[in-house]
Amino acid sequence: MAASKTGGWEARILAQLEHREARVATMARVIQSYNQLAGKVGDYANHSREIEARSREMQGEHERLLENYERSGMSSGGSGGVRGNSLAQQRIAELEREVEGLKEERTVLYRTQGTNAQRLLDLSDKMRETDSRLRQQELEISDSHEELRRMAIKLSDAQDALKEKDGTIQILQDEFSALQLEVTQLEMRTEKLQTENDDLVKRWLKKMNEEAEKVNNVTHELEMIKRKSAALSPRLGAAVFEDDHFFSAALSAPGQMRGAGSVVPRRAVGKIDARMEELHSIALSRDGQLLAVGGQSNAVKVFDAETGESIYTLTGCLKGINHVEISSDGSLVLAASSDHTARIWRLDTGRQWKSLTGHIGGVVTAKFNRDASRVFTYSQDRSVKVWDTQRGLCIKTLFTVSGCHDIDLLDSDGARIVTAHLDNSIRVWDTQTGRRLAEATIHKEQVMSVWATRNGPPRVLTNSSDGTLKLVDARTLEVITVMSAPQYHPSRNWARASLSPDERFAVAGSIGGKLYVWDVASGDLVRELDIQKSHICDVLWSPDGQRIYSAEKSRYIMILQ
């Protein structure tokens with residue numbers, strides 16, 4: 001840019017100088033013409049003076065000739081006098097003609113002199129104007145020289161700055177090249193690390209699958225050995241299957257209690273003090289008489305759901321309880337613990353019956369199937385295990401890869417389950433083959449809980465930390481209904497939503513202690529209840545649909561009707 005500006009003012013000054021030279025040349029020609037005219041005027045003046053002098057001489061000669069003529073005429077007579085007279089007259093006539101010619105020539109010279117004098121005056125005026133212009137141009141040229149000097153200084157400064165910037169640019173280019181090389185090396189290292197990580201994940205999954213297959217094979221072999229032993233020894237068979245009466249009783253248990261229809265509660269009618277620092281999960285028996293509570297304490301507490309009276313304190317866990325479940329017939333309590341185990345207690349004795357060990361991370365959730373013959377657990381080791389309840393053995397292991405918050409059964413046997421994931425997705429699994437059947441990303445943030453319907457076509461209620469509940473078709477994973485509220489924000493750790501027994505309503509709690517009830521068919525908000533002071537972690541409808549049990553994170557369980 002500096003070079004282009006420099007070229008501009010140099011060209012402008014050069015053009016002004018060329019214009020000045022042209023005008024000076026024109027002025028020189030005018031002066032030359034003026035000098036030539038002045039010389040001619042002087043020549044004409046000298047010539048005119050010579051003509052005047054000659055005219056005066058001829059006039060004097062004419063006068064002398066006249067005098068001589070007169071004297072000669074008076075003094076002489078006859079032919080001689082006449083002849084002399086005629087000669088004198090001829091001479092006079094010639095002189096008069098010559099005088100007339102000289103007068104005419106003088107007149108022409110005067111006229112020419114006047115014209116030249118006028119032209120000389122015009123040229124003088126033009127010369128004065130030209131002198132004035134020349135002085136003005138000389139001033140302009142002087143200014144231009146001064147500007148040229150200033151511009152030369154600026155050009156020198158600009159060139160110095162340009163050199164400095166060129167040096168800076170070179171330094172930056174060197175740094176950029178070094179950084180680019182470093183980035184290339186980092187990208188190569190990242191690609192190498194990614195490849196190694198993918199290889200490690202594949203090897204880990206392969207190893208875990210092999211281990212799970214080995215466990216499944218050992219379990220199958222143990223089952224075959226026990227069955228053979230039972231066939232060979234009736235007494236041993238009776239010892240191994242001493243609890244078969246429980247499963248037959250569970251299979252013959254009556255169906256879920258159902259009323260005329262679920263009722264949306266309007267107010268709190270009771271409060272149960274769980275006497276725990278932090279609550280995580282609650283569960284109701286199918287007859288609605290027992291309420292199990294699990295939390296940060298390493299014990300499960302069982303209360304009378306009507307009166308709030310404490311019935312059992314089930315101990316055995318070494319760390320906190322993340323999830324509790326009561327079997328369909330109300331005889332067993334299941335708890336998922338952070339001590340890497342799931343434990344089962346019998347309510348007729350209040351003692352621990354089974355300890356399901358095998359996970360290498362805290363167990364997040366645990367579920368019974370309909371007849372309690374199977375238990376399904378999910379752990380922070382990102383695996384789902386299927387357990388034979390009676391024998392306490394793992395019979396199948398599924399690896400979810402992605403972290404999970406909750407699971408639920410899509411049928412009474414647990415042949416298909418649905419999992420809620422931290423990657424905003426839900427997935428459906430075949431627990432017999434361990435194969436993933438379907439998956440869909442239906443939320444913008446992590447899915448906190450899943451609740452499978454028990455009647456009609458299989459559907460799943462999801463609750464996400466993005467502030468929405470969705471009813472999803474379990475076969476196609478298409479969203480049927482979306483439910484939300486302006487102030488609804490679930491907890492990111494414990495936030496369970498559930499359906500009413502007739503599956504007409506959905507209920508969930510917010511971090512501000514408010515409870516929200518929606519119409520499942522339309523997705524409209526039916527009721528908003530401000531009844532608790534801290535985060536609501538779990539909420540359940542009573543089996544008859546007439547009450548709601550809402551557990552807040554800090555200690556209390558509210559009964560709403």
Side-chain angles (χ1 to χ4, degrees), residues 1-38 119-202 402-403 422-425 441 443-446 464-467 486 489 492:
M1 181 179 291
S4 63
K5 288 184 178 178
T6 302
W9 62 258
E10 286 180 346
R12 187 169 66 254
I13 291 175
L14 181 61
Q16 290 178 357
L17 290 173
E18 289 176 352
H19 182 66
R20 178 199 173 196
E21 291 297 329
R23 299 192 66 157
V24 167
T26 302
M27 188 63 189
R29 289 195 297 272
V30 169
I31 292 171
Q32 186 178 3
S33 299
Y34 175 80
N35 292 332
Q36 290 175 356
L37 286 174
R119 290 179 62 187
L120 184 61
L121 291 174
D122 294 339
L123 288 174
S124 297
D125 293 338
K126 288 183 179 180
M127 190 170 67
R128 283 193 297 272
E129 292 177 0
T130 304
D131 288 338
S132 176
R133 290 174 187 170
L134 285 174
R135 285 193 297 273
Q136 183 66 29
Q137 288 180 354
E138 287 175 354
L139 291 175
E140 292 178 357
I141 290 172
S142 178
D143 294 340
S144 299
H145 282 299
E146 183 65 22
E147 183 179 0
L148 178 61
R149 187 183 64 80
R150 291 196 300 269
M151 294 302 293
I153 295 173
K154 289 183 179 179
L155 177 60
S156 178
D157 295 340
Q159 288 175 344
D160 294 339
L162 183 61
K163 290 179 181 179
E164 184 178 356
K165 289 180 179 178
D166 286 339
T168 304
I169 289 172
Q170 185 63 41
I171 294 172
L172 291 175
Q173 286 178 344
D174 294 340
E175 291 182 357
F176 176 74
S177 299
L179 290 173
Q180 194 170 17
L181 180 60
E182 186 176 354
V183 168
T184 303
Q185 292 175 351
L186 288 174
E187 287 177 350
M188 293 174 63
R189 289 179 59 191
T190 301
E191 291 177 359
K192 183 178 179 181
L193 291 173
Q194 184 66 38
T195 303
E196 293 177 356
N197 182 65
D198 294 341
D199 183 58
L200 288 173
V201 170
K202 290 179 182 178
S402 172
L422 277 68
D423 61 2
N424 314 340
S425 304
T441 302
H443 285 283
K444 296 180 180 179
E445 296 184 27
Q446 55 187 324
S464 170
S465 56
D466 64 9
H489 300 290
R492 298 181 67 88

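All heavy atoms count here, side chains included; hydrogens, waters and symmetry mates do not.
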Just how far is it from atom [atom1] of [X] to atom [atom2] of [Y], taken to the nearest 0.5 Å?
X	Y	atom1	atom2	result
L186	L181	CG	CG	9.5 Å
D174	L179	CG	CG	11.0 Å
R135	S142	CZ	OG	15.0 Å
E175	E182	CD	CD	12.0 Å
T168	Q170	OG1	CD	10.5 Å
E187	Q180	CD	CD	9.5 Å

From the list D466, L422, D423, side-chain contact (heavy atoms from CB on, under 4.5 Å) partner of E445 resolves to D466

Measure the shortest side-chain to side-chain distance between [X] and [Y] over non-hydrogen atoms and say whether it is less than 4.5 angstrom.
X	Y	result
E164	D160	no
R149	I153	yes
D131	L134	yes
I169	Q173	yes
L17	I141	yes

Taking all non-hydrogen atoms of both residues into account, name the closest pair between S464 and H443 and its distance.
CB-ND1, 3.1 Å

